[in-house]
K.L.:
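Can you keep this structure in mind? I'll have questions shortly.
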Amino acid sequence: MTAQRIDGNAISQELRGQVAQRALALKSKGVTPGLAVVLVGENAASHVYVRNKVKACQDSGFFSLLEKHPDTLSQDALLLRIEALNNDPQIHGILVQLPLPAHIDAQKVIEAIDPAKDVDGFHIASAGALMTGMPGFWPCTPYGCMKMLESIAYDLRGKHAVVIGRSNIVGKPMALMLLQKNATVTICHSATADLKALTLQADVIVAAVGKPNVLTADMVKPGASVIDVGMNRNAQGKLCGDVDFAGVEQVASFITPVPGGVGPMTITMLLVNTLEAAQRCLA
Ligand code: NAP
């Protein structure tokens with residue numbers, strides 16, 4: 001068996017087309033979706049990420065504001081900026097690019113964002129909303145994974161989903177989203193005693209670890225679906241995921257590639273959340 005690839009670029013393109021149309025409709029009602037991206041410091045990767053996010057906003061007809069601050073910015077000054085953005089009617093979503101410099105408490109900054117503008121879904125109120133099934137913003141990466149499963153009309157009810165990784169931004173929210181769709185969910189982490197024994201039982205595996213080849217073909221039940229969130233560099237410096245793609249592709253029924261899988265979905269879901277935040281202003 002060779003697995004069918006779930007193409008993150010194609011799904012993204014389709015979703016972004018819908019987002020741009022909905023943004024146009026909102027504009028005709030006098031609301032232009034607006035995203036503020038706040039960057040502190042000189043982290044090279046962060047600069048690339050924020051550039052991509054701002055460009056995606058522009059391509060979708062959103063208003064975007066990119067605030068770049070030196071890494072000498074104090075925590076208090078950053079909190080004041082967040083407060084100003086919370087009160088800015090042009091801004092519907094606020095994203096603070098992580099990581100922040102060591103002298104700034106990232107959690108404190110995230111908690112300062114108005115939950116109604118928390119389009120990254122990292123605020124404790126957003127996490128609580130996800131946990132209790134209330135309306136709120138879902139973190140973009142696991143939300144994108146759910147959209148990928150939706151794209152193949154995957155019915156999660158009664159399926160066993162194994163999530164490898166338990167971070168607050170990927171693993172834990174991913175598990176809650178799968179649970180909400182009636183999967184039976186197992187969460188694995190670095191202290192899991194026998195990862196292979198668990199993944200072999202899985203109908204769906206989501207790998208969100210940050211280590212190449214965490215999931216190999218011998219760990220996958222034939223016909224399972226595999227979502228690879230990992231973004232790593234292999235020994236040759238090439239971008240790769242957590243999954244041994246060549247091997248697992250021969251066993252799974254569906255698989256997401258890296259690159260071209262979950263990566264493009266993350267920014268797309270940021271656009272979806274920002275649009276949703278703007279839409280709620282009309283309600
Ligand atoms: P993280 O905060 O470092 O969490 C990694 C998780 O993996 C932790 O829960 C850790 O367990 C677990 N883990 C580590 N080694 C393990 C092992 N051998 N077996 C099982 N579990 C193990 O990372 P993250 O932020 O969730 O990101 C995970 C990966 O996704 C990274 O490669 C990141 O670059 C990528 N990512 C991609 C996107 C995208 O847009 N495509 C977005 C976000 C993240 P403990 O909790 O026990 O330490």
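All heavy atoms count here, side chains included; hydrogens, waters and symmetry mates do not. Each ligand, and each atom within it, is numbered from 1 in the order the structure gives. What you see is a predicted model, and the numbers here were worked out from it, not measured in a lab.
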K.L.:
Is ligand 1 under 4.0 Å from a heavy atom in the side chain of Thr141, in the backbone, in both, or in neither?
P.N.:
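The answer is the side chain.
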K.L.:
Hey, are the side chains of Ile94 and Asp114 touching, using non-hydrogen atoms and a 4.5 Å cut-off?
P.N.:
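Side-chain contact under 4.5 Å: no.
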K.L.:
Once you restrict to heavy atoms under 4.0 Å, what part of Lys211 touches ligand 1? Side chain, backbone, both or neither.
P.N.:
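Just the side chain.
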K.L.:
Which option, Val170, Ile169, Leu198, owns the non-hydrogen atom nearest atom 27 (O) of ligand 1?
P.N.:
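Going through Val170, Ile169, Leu198 one by one, Val170 has the nearest heavy atom to atom 27 (O) of ligand 1.
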K.L.:
Taking all non-hydrogen atoms of both residues into account, name the closest pair between Val96 and Asp120 and its distance.
P.N.:
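Shortest heavy-atom contact: O-OD2, 4.4 Å.
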K.L.:
Hey, could you give me the CZ/CG distance between Phe62 and Leu35, rounded to the nearest 0.5 Å?
P.N.:
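Atom-to-atom, Phe62:CZ and Leu35:CG are 8.0 Å apart.
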K.L.:
Which residue owns the protein heavy atom closest to atom 1 (P) of ligand 1, what's the atom, and how far is it?
P.N.:
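For atom 1 (P) of ligand 1, the nearest protein heavy atom is Ser167 CB, 4.1 Å.
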K.L.:
How close does the nearest protein non-hydrogen atom get to atom 45 (P) of ligand 1, and which residue and atom is it?
P.N.:
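The closest one turns out to be Ser190 OG, 3.4 Å.
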K.L.:
Pairing donors with acceptors under 3.5 angstrom, does anything connect the side chains of Asp218 and Thr216?
P.N.:
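Result is yes, a qualifying pair exists.
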K.L.:
Tell me which one of Met265, Arg166, Met174 gets a heavy atom nearest to atom 8 (C) of ligand 1.
P.N.:
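Heavy atom nearest to atom 8 (C) of ligand 1 belongs to Arg166.
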K.L.:
Report the nearest protein non-hydrogen atom to atom 39 (C) of ligand 1: residue, atom name, distance rounded to 0.1 Å.
P.N.:
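Result: Thr266 OG1, 3.6 Å.
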K.L.:
Counting heavy atoms only, name the option from Asp242, Val209, Leu215, Val258 that's nearest to atom 7 (O) of ligand 1.
P.N.:
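Nearest option to atom 7 (O) of ligand 1, by heavy atoms: Val209.
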K.L.:
Show the atoms of ligand 1 that are less than 4.0 angstrom away from any heavy atom in Ile164.
P.N.:
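What qualifies from ligand 1 is 20 (C), 21 (N).
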K.L.:
Rounded to the nearest 0.5 Å, what separation is found between the CG atom of Leu73 and the NE2 atom of His103?
P.N.:
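Rounded to the nearest 0.5 Å, the CG-NE2 separation comes out at 6.5 Å.
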K.L.:
Is there a side-chain contact between Gln180 and Leu176 in this structure, where contact means two heavy atoms from C-beta onward sitting under 4.5 Å apart?
P.N.:
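Side chain of Gln180 against side chain of Leu176, heavy atoms only: no contact under 4.5 Å found.
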K.L.:
When you check the gap from the basic side-chain N to the acidic O, do Lys108 and Glu111 get nearer than 4.0 Å?
P.N.:
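Glu111 and Lys108: not salt-bridged.
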K.L.:
Which protein heavy atom lies closest to atom 29 (C) of ligand 1, and at what distance to 0.1 Å?
P.N.:
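Answer, as residue, atom name and distance: Gly210 N, 3.7 Å.
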K.L.:
Select one of side chain, backbone, both or neither to describe which atoms of Val214 lie under 4.0 Å from any atom of ligand 1, heavy atoms only.
P.N.:
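Neither; nothing of Val214 gets under 4.0 Å from ligand 1.
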K.L.:
Can you tell me how far OG1 of Thr266 sits from NZ of Lys53, rounded to the nearest 0.5 angstrom?
P.N.:
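These two atoms lie 8.5 Å from each other.
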K.L.:
Going by heavy atoms, is Ala208 under 4.0 Å from ligand 1?
P.N.:
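Heavy atoms of Ala208 do come under 4.0 Å of ligand 1.
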K.L.:
Give yes or no for whether the N/O distance cutoff of 3.5 Å, strictly under, is met between Ala191 and ligand 1.
P.N.:
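There is no such contact.
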K.L.:
So for Thr192, does at least one of its heavy atoms come nearer than 4.0 angstrom to any atom of ligand 1?
P.N.:
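Contact absent.
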K.L.:
Looking only at atom types and distance, does a side-chain atom of Thr256 sit under 3.5 Å from a main-chain N or O of Asp228, one as donor and one as acceptor?
P.N.:
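Pair found, side chain donor or acceptor close to backbone of Asp228.
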K.L.:
Considering only heavy atoms, does Asn232 approach ligand 1 within less than 4.0 Å through its side chain, its backbone, both, or neither?
P.N.:
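For Asn232, only side-chain atoms sit under 4.0 Å from ligand 1.
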K.L.:
Can you tell if the side chain of Phe63 reaches within under 4.5 Å of the side chain of Cys57, non-hydrogen atoms only?
P.N.:
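Phe63 vs Cys57: side chains apart.
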K.L.:
Looking at side-chain heavy atoms only, is the closest gap between Leu39 and Val37 below 4.5 Å?
P.N.:
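In short, these two side chains do not touch, never coming nearer than 4.5 Å.
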K.L.:
With backbone taken as N, CA, C and O and side chain as the heavy atoms from C-beta onward, which portion of Val229 lies under 4.0 Å from ligand 1: side chain, backbone, both, or neither?
P.N.:
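Looking at Val229 and ligand 1, atoms from backbone and side chain both fall under 4.0 Å.
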K.L.:
Just need the protein heavy atom nearest to atom 21 (N) of ligand 1, so name the residue and atom and give the distance.
P.N.:
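Atom 21 (N) of ligand 1 sits closest to the protein heavy atom His189 C, 3.2 Å.
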K.L.:
Please write down residue, atom name and distance for the protein heavy atom closest to atom 33 (C) of ligand 1.
P.N.:
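Scanning the protein heavy atoms, the shortest distance from atom 33 (C) of ligand 1 goes to Met231 N, 4.2 Å.
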